[in-house]
Amino acid sequence: MTRRGTTVPAPARSLELPPTQVQFSILTQFFPPDFAATGQLIEELSRNLQPEGLSVQVFTGQPGYAFSRSQAPAIERSHQLLVRRSRTAQLFPNRIRGKALNGLMFVLRSALYLLRSRNRGDLLMLTTAPPFLPILGFLANWLFGIPYICLLYDLYPDVAVELNIKPANHWIVRAWDAVNRRVWKRATRIIVLSSSMKARIVAKCPEVADKIAIIHSWADPSLITPIPKHENWFAQEHDLVDKFVVLYSGNMGRCHDIETIVAAAQELRDDPVQFLVIGSGAQRDQLIEKLDRLNLHNFKLLPYQDKADLPFSLTACDLSLVSVKPGMEGIVAPSKLYSALAASRPIAAICEEHSYLRSMLDEAECGACFSNGDGVGLANFIRSLVANPKLVEQMGRSGRRYMKARFTPEIIARQYANVVYQSVLDHEDLKYSLPSVPSEA
């Protein structure tokens with residue numbers, strides 16, 4: 001580990017890599033070949049941190065969220081990235097209790113993994129997959145003095161409260177909040193995905209306001225490039241070339257507003273509009289039942305696509321949808337937004353009035369936002385785009401420009417590296433700081 005008096009260079013491309021790299025360990029339950037967005041993002045982040053002078057090792061689980069393979073190698077090496085996986089397969093991954101049990105088992109396996117000193121590295125980063133994983137950071141710091149960063153993709157127990165799984169005054173919720181506050185206070189840094197999420201955390205624990213960094217998700221504009229539908233094999237294969245296609249791609253979880261999308265489809269049942277839903281999740285079966293009950297035939301449902309096919313599936317549309325259920329603002333942050341921006345397609349976001357998505361889309365000039373339940377407004381926006389192909393192209397180009405200036409893997413990796421290096425310096429009690437890299441675009 002880097003000790004007092006050792007110069008740790010700032011994460012800037014003009015500097016050469018340090019002689020002794022910081023060993024950065026990431027713990028997360030999901031990682032490719034899982035299709036889960038959190039796992040895909042961690043893989044891309046791990047690779048893009050290496051040019052910033054970080055040697056990364058990841059401990060993760062076997063596929064169990066959304067996957068085509070149920071087993072993956074226990075150890076994988078690629079340059080300075082080392083991936084270790086639990087050897088135990090997931091149990092009943094499609095059931096709520098099965099997911100909870102899998103999460104608990106992964107935490108226990110992660111604890112055993114951290115008992116070996118060679119696995120801890122100089123600095124830990126723990127995600128909220130599963131939600132109680134950051135507790136291990138607290139314990140590792142208390143027992144071994146290892147500094148840790150909390151990466152909060154979702155905010156628990158708030159998710160459980162908003163989904164009416166537990167009431168806000170339940171003793172489990174109060175105890176969970178109390179544990180969270182202790183974990184956050186002991187962390188060197190807390191990374192969140194939006195300003196709304198930071199506001200929620202500060203409201204719960206004002207003492208950690210100064211250690212919270214807002215770092216957005218990202219997409220790779222060199223991987224996802226604009227492809228005209230008539231040149232896109234995916235659009236051709238699924239008969240999408242000559243239709244106005246509205247795409248929802250990704251997880252259909254309990255935190256996403258599917259009802260407003262269906263309401264818009266009802267309004268457009270006689271219009272030349274095709275809704276395309278790619279992915280899975282807790283609401284997929286409910287969606288199928290609802291479409292049958294309403295006798296709606298303007299939907300096409302497809303499973304998750306391989307990562308290699310994403311550049312084609314994401315550009316087989318004319319409009320992309322992002323949705324967040326009421327009450328979920330600041331609790332979850334839709335990562336699908338960034339790949340939709342990269343695809344150079346307009347975006348329609350379904351969210352609350354105070355959502356950060358509204359200011360982002362306004363600044364990017366790449367789409368429009370609609371309140372939850374406003375299926376009529378969404379339908380009318382879609383009709384306006386159908387009638388104005390030039391506006392579709394203009395919004396798409398504007399969104400891609402906005403994303404390339406703020407949310408590429410290189411830009412975001414540099415922001416993460418800044419947080420990592422500053423955490424190392426703070427832990428070593430050094431009296432100088434690294435050049436600042438903005439944590440929020």
Side-chain angles (χ1 to χ4, degrees), residues 193-196 216-217 219 224 226 229 240 243-250 252 255-278 298-299 314-330 332-407 441:
L193 307 183
S194 72
S195 55
S196 303
H216 288 262
S217 293
I224 303 172
K229 286 201 296 181
L240 305 171
K243 302 173 182 177
F244 189 94
V245 179
V246 180
L247 172 66
Y248 181 94
S249 178
M252 288 176 274
C255 299
H256 302 103
D257 184 344
I258 304 299
E259 293 82 1
T260 303
I261 298 173
V262 174
Q266 286 182 271
E267 292 287 328
L268 296 166
R269 66 166 65 237
D270 297 322
D271 289 69
V273 175
Q274 173 76 66
F275 285 81
L276 174 63
V277 177
I278 300 177
N298 52 356
F299 269 81
L314 292 173
T315 54
C317 68
D318 301 278
L319 173 70
S320 287
L321 297 176
V322 173
S323 71
V324 181
K325 267 192 173 181
M328 291 295 169
E329 179 63 30
V332 298
S335 60
K336 59 174 63 69
L337 168 67
Y338 305 89
S339 56
L341 290 169
S344 193
R345 298 296 187 264
I347 295 171
I350 303 166
C351 56
E352 295 179 89
E353 289 290 337
H354 58 284
S355 173
Y356 73 98
L357 294 172
R358 293 180 180 264
S359 59
M360 282 186 66
L361 265 61
D362 284 346
E363 186 177 357
E365 298 180 340
C366 66
C369 292
F370 302 90
S371 297
N372 301 97
D374 188 12
V376 173
L378 175 58
N380 287 335
F381 176 66
I382 293 172
R383 289 190 180 108
S384 71
L385 294 181
V386 173
N388 194 343
K390 288 186 177 180
L391 180 60
V392 173
E393 293 181 11
Q394 176 185 326
M395 285 184 168
R397 286 195 302 268
S398 179
R400 182 173 167 85
R401 262 194 321 269
Y402 182 80
M403 189 280 304
K404 289 178 69 176
R406 294 166 174 80
F407 309 123

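Positions are given from 1 along the sequence.
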### Query
Counting only N and O atoms by type, is there a donor-acceptor contact under 3.5 Å from the side chain of Glu352 to the main-chain atoms of Gly327?
yes
### Query
Hey, is the main chain of Leu341 close enough, under 3.5 Å, to the side chain of Arg400 for a donor-acceptor pair?
no
Side chain to side chain, [X] and [Y], heavy atoms closer than 4.5 Å:
| X | Y | answer |
| --- | --- | --- |
| Leu378 | Leu321 | yes |
| Leu240 | Leu276 | yes |
| Tyr248 | Lys336 | yes |
| Arg406 | Met360 | no |
| Phe244 | Leu319 | yes |
| Leu314 | Leu247 | yes |
| Cys366 | Leu361 | yes |

Nearest atoms (heavy-atom pairs only) where [X] meets [Y]:
| X | Y | result |
| --- | --- | --- |
| Ala333 | Leu193 | CB-CB, 3.8 Å |
| Ser335 | Ser217 | CB-OG, 4.1 Å |
| Ala379 | Ala264 | CB-O, 3.9 Å |
| Cys317 | Arg345 | O-NE, 2.7 Å |
| Thr260 | Gly373 | OG1-N, 2.8 Å |
| Pro334 | Val322 | CG-CG1, 3.4 Å |

### side-chain contact (heavy atoms from CB on, under 4.5 Å) evaluation trace for Glu267 with Ile382
CA-CA 11 Å; Glu267 292 287 328; Ile382 293 172; over 6 Å; no
#### Entry: Inter- and intrachain pairs under side chain to side chain donor-acceptor pair (under 3.5 Å), touching residues 315-326, at least two apart
Lys229-Asp318, Asn232-Thr315
Mind checking the [atom1]-[atom2] spacing from [X] to [Y]? Nearest 0.5 Å is all I need.
| X | Y | atom1 | atom2 | answer |
| --- | --- | --- | --- | --- |
| Asn388 | Arg383 | CG | CZ | 16.0 Å |
| Phe299 | Arg269 | CZ | CZ | 11.0 Å |
| Glu353 | Asn372 | CD | CG | 9.5 Å |
| Ile258 | Ile350 | CD1 | CD1 | 8.0 Å |
| Asp257 | Cys351 | CG | SG | 10.0 Å |
| Ile224 | Ser344 | CD1 | OG | 11.5 Å |

### Task
Give the ring-plane orientation class for His216 versus Phe407, where under 30° counts as parallel, over 60° as perpendicular and anything between as tilted.
tilted
### Task
Could you note down all residue pairs passing ring-ring contact (aromatic ring centres under 6.0 Å, His included) where residues 342-401 supplies at least one of them, sequence neighbours left out?
Phe370-Phe381
### Task
Give the C-alpha distance, both sets of side-chain angles, the deciding distance and a yes or no for side-chain contact (heavy atoms from CB on, under 4.5 Å) between Val273 and Asn298.
CA-CA 7 Å; Val273 175; Asn298 52 356; 5.9 Å; no
